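So the structure is just underneath, and the comments pick up after that.
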There are 2 protein chains.
Amino acid sequence: MDSLILKKVYIFSGLDEEELERLQKICRVKTFNKGDIIFFDTEPYLGFYITVTGLVKIYKISKDGREHILHLINPTNTFAEVPLFENFGEIHEDSFRYPANAMALEDETRVVLIPARQFTELLENDSKICIKMLSGFAKRLRHLNHHIEELTLKDVTKRVSGFILTEYNNKRKSKTEAEPHIKLLISKADLAAYLGTIIETLSRTFKKLQDENIIDVDGKKIIIKDIVKLKETAA
Amino acid sequence: MDSLILKKVYIFSGLDEEELERLQKICRVKTFNKGDIIFFDTEPYLGFYITVTGLVKIYKISKDGREHILHLINPTNTFAEVPLFENFGEIHEDSFRYPANAMALEDETRVVLIPARQFTELLENDSKICIKMLSGFAKRLRHLNHHIEELTLKDVTKRVSGFILTEYNNKRKSKTEAEPHIKLLISKADLAAYLGTIIETLSRTFKKLQDENIIDVDGKKIIIKDIVKLKETAA
DNA sequence: GGAACCCTTTGACTTAAGTCAAAGCCCCAA
DNA sequence: TTGGGGCTTTGACTTAAGTCAAAGGGTTCC
C-alpha cells in the first residue's frame with residue numbers, strides 16, 4: 001500500500017519511520033465504488049478507518065427511513081475511532097458494533113482499516129499518539145456541538161447560508177479567486193440530510209436565496225453574489 | 001479540599017497517591033448557588049472543571065435568546081476539557097475561550113478547577129490518563145451522536161418518551177422499586193431546552209402522554225404507568 | 001435519436017411545533 | 001392570611017417545514 005498516506009494522517013504525524021512501518025504491516029486497504037457500504041451499524045467492530053481517496057459519509061437511518069448525515073470524511077481523516085475507547089480493554093470480546101453506517105460517496109474511494117487490537121497496543125506505549133487522538137476527538141466534539149447548535153437553534157435558511165459560508169471559508173484558506181463560489185462535493189439529497197432537512201425544502205431554500213440575489217445556484221456550483229447579505233442571513 | 005473526590009473522578013482513577021496529591025495542590029475549589037454562572041462562552045480558558053456536588057448545565061444561547069442545553073454534569077464528571085486539546089501546546093497564549101456557558105443548577109454546587117497548563121504537563125508523561133480521557137471523550141461523542149439522532153430524526157413526543165426511558169434505565173441500575181418513576185433534577189424549562197423544544201410544547205406533550213395513560217406527571221415526579229406503550233411511543 | 005434513468009424542482013396540502021397572551025398553581029414570607 | 005413571584009398550563013393563532021404527487025431537465029446507453 002501507499003506508505004505516504006499514513007504520514008499525512010494527523011494522529012500518526014508523531015511516529016518515526018519504524019513505527020510507521022509496523023503500522024503499515026497491520027493495515028488493510030479496501031477500495032469502494034460510489035454507493036458501496038463500508039460498514040453498517042449492525043456489524044461487529046473491527047477497527048477504525050482512514051479515508052485515502054474519495055469521500056465517505058457517516059450516517060444514521062431513522063425507523064421511518066429518513067437519513068441524517070453526521071460526518072463527511074475527506075482524505076487523510078479518520079472515522080469510527082470512537083468505539084476503540086468506549087470500553088478500553090474489552091474490545092477483544094467482539095461485542096462492539098459500529099456506531100453508525102459508512103458509505104463511499106465517490107468511485108475509487110480507498111480506505112485503510114487499522115485493526116483495533118494491534119492499534120491499542122501501540123497506544124498504550126505512546127502518549128504522543130494519545131494526545132493527537134485527544135486533539136482529534138476534541139475537534140470532532142467541537143464540530144458536533146456546533147452541529148447541534150445549528151440544528152436546534154437555527155432554521156433551514158440560516159443553516160444553508162451558514163454551510164455555504166463555512167465551505168467558502170475552508171476553501172479560501174488555500175486559494176483566492178475572482179468569482180466567489182463553492183462546489184458541492186455531494187448530492188443535494190445528501191446535503192439536505194447533512195443539514196437535517198429534506199431535499200424539497202433545501203431546493204426551496206436555494207430558490208429563496210436566489211430570488212433575494214444572495215446566491216446563484218448552477219447545478220453543484222453555488223456562486224456567492226452578496227456575501228454581506230449572506231452573512232446577515234446566516235447570523 | 002476534599003481529597004477523596006479526585007479519586008472518584010474517572011480520568012484520575014489510574015493515579016497513585018503521590019500524583020493525586022500533586023494534582024490536589026494545583027486545583028481550586030469554587031462554590032456556587034443556583035443560577036450562578038461558572039463561566040460564559042466569552043471568557044478566556046483557564047482549565048477544565050469537575051463537578052463535586054450539585055448539578056451543572058452546559059448551554060448555548062442563540063441570537064434570538066433561545067437556549068439549548070448540551071450537557072448536564074453530575075458529581076464526579078468533568079466539563080470543558082475539550083479546549084485543552086484543540087490546539088495542544090498553544091494554550092499558553094490564552095487566546096482560548098470556553099466553548100459554551102456553564103451554570104450551577106442547585107445551591108451549594110461545588111466544582112474543582114484544574115488549571116490547563118499544569119494539567120497538560122501531567123498528561124504528557126502519563127499515557128494511562130490520556131487513555132482514560134480518550135475514553136471519556138468517546139462516551140461524550142457517543143452521547144452527542146445520539147443526541148443529534150434524536151433531534152433530527154424524532155419528534156418531540158418520541159424524544160420525551162426516550163428521555164423518560166433512559167432516565168429510568170439509569171436509575172434502575174442502582175435499585176429496584178415497586179412504583180416505576182423518575183424524578184426530574186431540572187426545571188421543565190431546562191428539560192425543554194435539553195430536548196430541543198420549548199416549555200409549552202413539553203407541557204402539551206406530557207399532557208398527551210397522560211391522556212393516553214402512559215405516564216402520570218406530578219410536579220417533578222413522572223410515574224410510568226405503561227412501560228410497554230412508552231417504549232412503543234419512543235421507538 | 002429516443003428511451004430509461006436519476007436527480008431536482010415545483011405545486012398543493014398537511015401538520016408539528018413555535019409564538020403570544022392569559023390564567024392557574026404553589027410555595028414562601030411578611 | 002394574604003399577596004407576590006416563579007414556574008407551569010392552557011388556549012388561540014401562526015408559521016416553518018414535511019408529505020405526496022407530478023413534472024422538468026440532464027446523462028448515458030443502446
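Letters go in sequence order (proteins before strands), and every chain restarts at 1. Computed from a predicted structure; not experimentally measured.
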What is the distance, to the nearest angstrom, from the CD1 atom on I199(B) to the C1' atom on dC7(D)? 7 Å

Please determine whether side chain to side chain donor-acceptor pair (under 3.5 Å) holds for the pair T233(B) and K158(B), giving the CA-CA distance in whole Å, both sets of side-chain angles, and the decisive distance to 0.1 Å. CA-CA 6 Å; T233(B) 312; K158(B) 285 196 174 70; over 6 Å; no

Integer-rounded Å distance: dT8(C) P and K207(A) NZ: 17 Å

Taking atom C1' of dT10(D) as reference, at what distance in whole Å does atom CG of L202(B) sit? 14 Å

If you apply the rule side-chain contact (heavy atoms from CB on, under 4.5 Å), what do you find for I223(A) with I215(A), and how did you get there? CA-CA 5 Å; I223(A) 301 140; I215(A) 60 169; over 6 Å; no

Atom CD of E200(A) and atom C1' of dG18(D) are separated, to the nearest Å, by 8 Å

Distance, rounded to the nearest Å, where L184(B) contributes CG and dT8(D) contributes P: 9 Å

Picking from dA17(D), dT8(C), dT10(D), the nucleotide nearest the side-chain atoms of S203(B) would be dT10(D)

Is there a donor on the side chain of R66(A) or the base of dG18(D) sitting less than 3.5 Å from an acceptor on the other? no

Nucleotide dC7(D), atom P - distance to CG of D190(B) in whole Å: 9 Å

Taking the side chain of D155(B) as its heavy atoms from C-beta onward, which of dT8(D), dA16(C), dG18(D) lies nearest to it? dA16(C)

Between P on dG18(D) and CG on L151(A), what's the gap in Å once rounded to a whole number? 11 Å

Would you say the rings of H147(B) and Y194(B) are close, in the sense that their centroids are separated by under 6.0 Å? yes

I want to check one thing: is the phosphate of dA17(D), taken as OP1 and OP2, less than 4.0 Å away from some side-chain N or O of T201(A)? no

Atom NZ of K220(B) with >12 non-hydrogen neighbours under 6.0 angstrom: yes

Between K34(A) (NZ) and dC7(C) (P), how many Å, whole number? 7 Å

Which residue, I186(B) or R204(B), contacts DNA chain D at a nucleotide closer to its 5' end, judged by nearest heavy atom? I186(B)

Applying a 4.0 Å non-hydrogen cut-off, can you work out what T157(B) is touching in the nucleic acid: base, sugar-phosphate, or nothing? nothing

Among F96(A), F39(A), Y98(A), the one residue meeting ring pair (Phe, Tyr, Trp, His ring centres under 6.0 Å) with Y45(A): Y98(A)

